[in-house]
Amino acid sequence: NASDKNKDGSLSPAEQQQAIQSLKKDREKSRQAREFQRQDSNKDKKVSRKEMHAHLLTLFKFMDTDNNGEISLNEFRVQSVKVMFDSRFN
């Protein structure tokens, strides 16, 4: 196992913690890459102002549940939790 740094056949608490931190970093890098690819709609490996604006407008419309052109604190709180599970933003 690559996480067993001292090759003693078991993972010490420190080795376990390092393995967990490594997995978290890998997961975050993967999430960032997916988000970048989602926003790069023309697939030129850059996110333009137009692409970013389109993404933010989609997010704003998702958050503004009563469609009044504003996001209340309640809408923000409720929709912030939901946005974590919506494939358009994750």
Side-chain angles (χ1 to χ4, degrees):
N1 184 332
S3 298
D4 184 12
K5 300 297 182 188
N6 63 6
K7 307 297 182 209
D8 67 354
S10 64
L11 293 180
S12 69
E15 289 170 329
Q16 290 175 13
Q17 188 62 28
Q18 286 177 333
I20 291 168
Q21 291 304 317
S22 179
L23 287 172
K24 285 181 180 180
K25 285 180 187 176
D26 291 347
R27 194 173 349 156
E28 180 59 18
K29 285 180 183 179
S30 180
R31 188 197 65 76
Q32 290 169 345
R34 280 193 317 273
E35 181 58 31
F36 186 87
Q37 290 169 353
R38 186 180 348 271
Q39 291 187 36
D40 181 20
S41 59
N42 66 0
K43 306 303 178 205
D44 67 353
K45 300 194 183 329
K46 296 178 265 183
V47 176
S48 69
R49 180 178 290 146
K50 183 177 178 181
E51 289 168 322
M52 178 64 76
H53 185 266
H55 176 74
L56 292 174
L57 185 57
T58 300
L59 178 60
F60 186 89
K61 289 177 180 178
F62 179 83
M63 301 287 278
D64 181 20
T65 58
D66 63 6
N67 299 312
N68 70 349
E70 301 173 337
I71 300 170
S72 69
L73 179 56
N74 186 57
E75 286 171 319
F76 187 83
R77 285 179 175 153
V78 171
Q79 295 304 97
S80 291
V81 173
K82 291 180 181 179
V83 80
M84 293 187 300
F85 302 101
D86 192 295
S87 63
R88 291 173 292 176
F89 310 110
N90 250 316

Measuring from atom OG of S10 to atom CD of Q16, what distance do you get when rounded to the nearest 0.5 angstrom? 9.0 Å
With F60, which residues qualify under ring-ring contact (aromatic ring centres under 6.0 Å, His included), at least two apart? none
Mind listing the side-chain donor-acceptor pairs of residues 22-32 below 3.5 Å, one per line with the distance, residues two or more places apart or on another chain?
{"from": "E28", "atom 1": "OE1", "to": "R31", "atom 2": "NE", "distance (Å)": "3.2"}
{"from": "E28", "atom 1": "OE2", "to": "R31", "atom 2": "NE", "distance (Å)": "3.4"}
{"from": "E28", "atom 1": "OE2", "to": "R31", "atom 2": "NH2", "distance (Å)": "2.7"}
{"from": "E28", "atom 1": "OE2", "to": "Q32", "atom 2": "NE2", "distance (Å)": "3.3"}
{"from": "S30", "atom 1": "OG", "to": "R34", "atom 2": "NH1", "distance (Å)": "3.1"}

Quick one: pull up NZ in K45 and CG in D40 and give me the separation to the nearest 0.5 Å. 8.0 Å
Contacts of type salt bridge (Lys or Arg N to Asp or Glu O under 4.0 Å), residue D64, not counting sequence neighbours: none
Across all chains, not counting sequence neighbours, the side chain to side chain donor-acceptor pair (under 3.5 Å) partners of E51 are S41, S48
Set of side-chain contact (heavy atoms from CB on, under 4.5 Å) partners for Q79, sequence neighbours left out: F62, M63, T65, K82
Who pairs with E70 by salt bridge (Lys or Arg N to Asp or Glu O under 4.0 Å), at least two apart in sequence or on another chain? none
For S80, the side chain to side chain donor-acceptor pair (under 3.5 Å) test, sequence neighbours excluded, returns none
Rounded distance [0.5 Å steps], CD1 in I20 versus CG in L11: 9.5 Å
Does NZ in K61 sit with more than 12 non-hydrogen atoms of other residues, nucleotides or ligands closer than 6.0 Å? no
Side chain to side chain donor-acceptor pair (under 3.5 Å) with E35: which residues, sequence neighbours excluded? R38, Q39, H55
If you link ILVMFWY side chains whenever their heavy atoms are less than 4.5 Å apart, which other residues fall into the same cluster as M52? By chain and number, please. F36, V47, L56
